[in-house]
Undergrad: 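The structure follows.
A note on names: the letters A, B, ... follow the listed sequences, proteins ahead of strands, and every chain is numbered from 1.
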Amino acid sequence: MNLIEELRWRGMVQDIMPGTEEQLLKEMTTAYVGFDPTADSLHVGSLVPILLLVHLQRAGHKPLALVGGATGMVGDPSFKAAERKMLDLDTLKHNQAGIKAQLEKFLDFDPAKPNAAEMVNNYDWFQNITFLDFIRDTGKHITVNYMMAKDSVRRRIEGDSGMSFTEFTYQLIQGYDFYHLYTHKNCKLQMGGSDQWGNIVTGTELVRRKADGEAFAFTCPLMKKADGTKFGKSENGNVWLDPKLTSPYQFYQFWLNATDVDAANYIKIFTLLEHAEIDALIEAHQHAPEQRQLQKRLAKELTIFIHSEKDYEFALKASELLFRNDTADVLQTLTEDQLMDVMDGVPQVEVSLADLQAGKDIVTFLAETAIFPSKTEARKMVQGGGVSINKLKVEGIEKSIDTSLLLRDKYILVQKGKRNYYLVIAR
RNA sequence: GGGCAGGUUCCAGAGUGGCCAAAUGGGGCGGACUGUAAAUCCGCUGAUUCGUCUUCAUAGGUUCGAAUCCUAUCCUGCCCA
C-alpha cells in the first residue's frame, strides 16, 4: 500500500490534486504542513496534520513543519465568521516557541537521515520582504478575482461582517510560503486540513506562474464528531497536548469518552496501528460494545504517543478507581500516597483547614473553591443532583462541609456531573 | 464624503415606552436510562445576603417608568461618489 492508499484507507484524504500520488511514488518528496501560533500549545485538532507528517516520514519522504510566525500576524480568515483578533508580537513569539518544542517530539529530526524532518518559520523570510516588493513580485501573479472566487473567502464577503484587507491578503502570504519552500527546499507538496484547500491551491498556482514549477497538494477532512459538532472540546474547553494545560488523565478521558462511531474513525486517523489490528479491534468492539475496547485502546495509544507509558498507567489507574461502583468505600481505605498517586491529573483546589473546621455550607464551598463560577450556579447544580462529595451524591443545599468529610484528614473529592472530578486539599 | 440598514444575554434571532433578566431555536451544562456510548425524555442556562442589583454598542437626555423615544460618539453591512 502506498502512502496515499494508506491515508485513504484511514480516511485522511479529502481533496487531492491530480499527479500527487505519482509524485510521491516517483521520488523522495519534501512536503510541508503549516501550524498557526494562536496558542502556546497545540491541541488535539492539530494532531491530524501532525500525523500526516508522521505518515509521510514513515513512507520515506521528508516532512517540513512550518510555524506560521508571519501568517499568525495576519490571521487566517478561511471559513471564519468574523475578523480574527490580532496577537501581539511577544505572544506570537512565545507561542511559536511552544509549538516548536511540541512538534519536535513527533518527528525524527536526526540530520543524518536523508528524510530528516525540518522546522521552518515563515517569519524568517517574510521579515525581510517589504510591502512594495511583495505586491510587485508576488501580488502581480494572482488576480483579485481568483482570490475572491475561493469558497473560504466568498463566504466572508457574502456574509454581513465583512473582511479586512489584512485577512484578504492571507492566502497570498500563505501561497508565498509554498513558493518559497519550493524554491529553497525543493518542497513540492503541501498538506493540511480541508479548510486550507483554497490557500494551498493559491500556493501551487504561485509556484506554477512565478517559478514555472509544478507543486502538489492534498488535504484531510476537517475533524468533526459523528453528530457534526466540533471535535477536540471537553467541558473545560480545548484539549491541549501540553500536560500543564490538559493533564494526561484528562487527555486519556477525552479519548475514552469518544462515541462508538467516532472511536472507529479516530482509531484509524490518530493511531499508527496496522490494518489487521484495527479491523480486529473494530470487530471485537461490535461484538461487545459495552466493553469499549476501541475507546480504551484509542485512549491508551494516544496517551502514550503524546505523553508517556507512565502517564498512561497513572491515567488508567485513576480512571479505574474514579469510575468503579464501590469507589465511595474504596476511597476511605486509600493511603495518602495512593490518593495522591491516583489524583495526580485531577484538577486540584485548595481550601483553608480553619474554614473547614468552622464548617461551611455546600454552596459557598463550591463557589469559593471555584469549582463553580457562582453560588447561583452551584446551588442550581446541587439542587439538580449534579454534585457528589467523595462519590456520594449531595442531596440538598443544606449540606454542610466540614472536617468530617476529609479523607486522610486532608482531601475531599468533589464531583461535578458524572465525570468531572476536583480534589480539594485542606491546608 | 453622501444615502440607507443595523449593533440585544454563548451564537442566531424576537422584542420597538410599563406585563422584560428579555420570546424562540441552537449550543452548553445537569438529571433519568445505559456502557464514563448513541438515541430518547426531563431540568437549568446574568448575579444575589432572594430584599433586590447589574445587563440589550458607548456617553448623555426625555419620562413616574426606556432594550424600546431624543442627541452625540464608536463600530458593521449595503448603495452612491
Undergrad: Is the base of B:G51 syn or anti, where syn means the angle lies within 90° of 0?
TA: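 Glycosidic conformation of B:G51: syn.
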
Undergrad: Is the shortest side-chain N/O distance from A:Lys375 to OP1 or OP2 of B:U49 below 4.0 Å?
TA: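 Result: yes.
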
Undergrad: Taking only the P atom of each, what is the distance from B:A59 to B:C74 in whole angstrom?
TA: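 The answer is 15 Å between these two P atoms.
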
Undergrad: Quick check: does any side chain N or O of A:Thr246 sit under 3.5 Å from a backbone N or O of A:Pro243, one acting as donor and the other as acceptor?
TA: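 Such a contact is absent between A:Thr246 side chain and A:Pro243 backbone.
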
Undergrad: Once you measure the plane-to-plane angle for A:Phe165 and A:Phe168, does it fall in the parallel (<30°), tilted (30-60°) or perpendicular (>60°) bin?
TA: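 If you compare the ring of A:Phe165 with that of A:Phe168, the planes turn out tilted.
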
Undergrad: When the C1' atoms of B:G27 and B:C19 are compared, how many Å lie between them, rounded to an integer?
TA: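 Between the two C1' atoms, the distance is 29 Å.
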
Undergrad: Which nucleotide, if any, forms a Watson-Crick or G-U wobble pair with B:U36, using both distances under 3.5 Å?
TA: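 None - no nucleotide pairs with B:U36, as no candidate has both distances under 3.5 Å.
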
Undergrad: How would you label the contact of A:Arg324 with the nucleic acid (heavy atoms, under 4.0 Å): base, sugar-phosphate, or nothing?
TA: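 If one applies the 4.0 Å heavy-atom cut-off, A:Arg324 turns out to touch nothing in the nucleic acid.
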
Undergrad: Searching all strands shown, indicate the nucleotide that pairs with B:G65 (Watson-Crick or G-U wobble; both distances under 3.5 Å).
TA: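 WC or wobble partner does not exist here.
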
Undergrad: Can you tell me how far P in B:G35 sits from the matching atom in B:A22, rounded to whole Å?
TA: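 To the nearest whole Å, 40 Å.
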
Undergrad: With no hydrogens and no angle check, just 3.5 Å: does a side-chain donor-acceptor pair link A:Glu336 and A:Tyr411?
TA: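 There is such a pair between these side chains.
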
Undergrad: Strictly by Watson-Crick or wobble contacts shorter than 3.5 Å, is anything paired with B:C41, and which nucleotide is it?
TA: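 B:G31 - that is the nucleotide pairing with B:C41, both distances being under 3.5 Å.
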
Undergrad: Starting at the 5' end of RNA chain B and moving along, which residue's nearest nucleotide shows up first, A:Met163 or A:Gly386?
TA: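 Nearest nucleotide further toward 5': that of A:Gly386.
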
Undergrad: Check whether A:Phe372 forms a cation-pi arrangement with A:Lys416 (NZ or CZ under 6.0 Å from the six-membered ring centre, at most 45° off the ring normal).
TA: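 Pair A:Lys416/A:Phe372 counts as cation-pi.
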
Undergrad: Does A:Lys296 reach a base, just sugar-phosphate, or nothing at all? Heavy atoms under 4.0 Å.
TA: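 No contact.
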
Undergrad: Taking the P atom of each, how far is B:A38 from B:C29, in whole Å?
TA: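 These two P atoms come out 11 Å apart once rounded.
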
Undergrad: Might you list the N or O atoms of the protein lying below 3.5 Å from N or O atoms in nucleotides 35-45 of chain B, with each pair's distance?
TA:
from, atom 1, to, atom 2, distance (Å)
B:G35, O6, A:Asp260, OD2, 3.4
B:G35, N1, A:Asp260, OD1, 3.3
B:G35, N1, A:Asp260, OD2, 2.8
B:G35, N2, A:Asp260, OD1, 2.6
B:U36, O2', A:Asn257, OD1, 2.6
B:U36, O2', A:Arg419, NH1, 3.1
B:U36, O2, A:Gln253, OE1, 3.0
B:U36, O2, A:Asn257, OD1, 3.2
B:U36, N3, A:Gln253, OE1, 3.0
B:U36, N3, A:Gln253, NE2, 3.2
B:U36, O4, A:Gln253, NE2, 3.2
B:A37, OP1, A:Arg419, NH1, 2.8
B:U45, OP1, A:Lys380, NZ, 3.2

Undergrad: Can you tell me how far P in B:U9 sits from the matching atom in B:U55, rounded to whole Å?
TA: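 Comparing P positions in B:U9 and B:U55 gives a spacing of 14 Å.
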
Undergrad: What's the spacing between A:Asp15 CG and A:Trp197 CH2 if we round to 0.5 Å?
TA: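 CH2 of A:Trp197 is found 5.0 Å from CG of A:Asp15.
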
Undergrad: Tell me: CG of A:Leu366 to C1' of B:C29, nearest whole Å?
TA: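 The distance from CG of A:Leu366 to C1' of B:C29 comes to 15 Å, rounded to the nearest Å.
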
Undergrad: Once you measure the plane-to-plane angle for A:Trp255 and A:Phe231, does it fall in the parallel (<30°), tilted (30-60°) or perpendicular (>60°) bin?
TA: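 Taking A:Phe231 first and then A:Trp255, their aromatic rings sit tilted (interplane angle of 30° to 60°).
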
Undergrad: Using purine N1 to pyrimidine N3 plus N6-O4 or O6-N4 for Watson-Crick, or N1-O2 and O6-N3 for G-U wobble, each under 3.5 Å, what pairs with B:C78?
TA: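 Base partner found: B:G3.
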
Undergrad: Does the side chain of A:Glu167 come under 3.5 Å of the side chain of A:Ser164 through a donor N or O and an acceptor N or O?
TA: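 Side-chain D/A pair, A:Glu167 to A:Ser164: absent.
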
Undergrad: Between B:C53 and B:G3, how far is it from one C1' atom to the other, in whole Å?
TA: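 So the two C1' atoms sit 43 Å from each other.
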
Undergrad: Searching all strands shown, indicate the nucleotide that pairs with B:U9 (Watson-Crick or G-U wobble; both distances under 3.5 Å).
TA: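 Pairing partner: none.
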
Undergrad: If you measure from the P atom in B:A5 to the same atom in B:C10, how many Å do you get, rounded?
TA: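 Roughly 28 Å separates the two P atoms.
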
Undergrad: If pairing requires Watson-Crick or G-U wobble contacts with both distances under 3.5 Å, which nucleotide is the partner of B:A59?
TA: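 Its partner is B:U71.
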
Undergrad: Any side-chain donor paired with an acceptor under 3.5 Å for A:Gln174 and A:Thr202?
TA: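 Side chains of A:Gln174 and A:Thr202: no pair found under 3.5 Å.
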
Undergrad: What is the base-pairing partner of B:G17, counting Watson-Crick and G-U wobble geometry with both distances under 3.5 Å?
TA: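 Because no pair has both required distances under 3.5 Å, B:G17 counts as unpaired.
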
Undergrad: If the C1' atom of B:G26 is compared with that of B:G18, how far apart are they to the nearest Å?
TA: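 B:G26 and B:G18 have their C1' atoms separated by 31 Å.
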
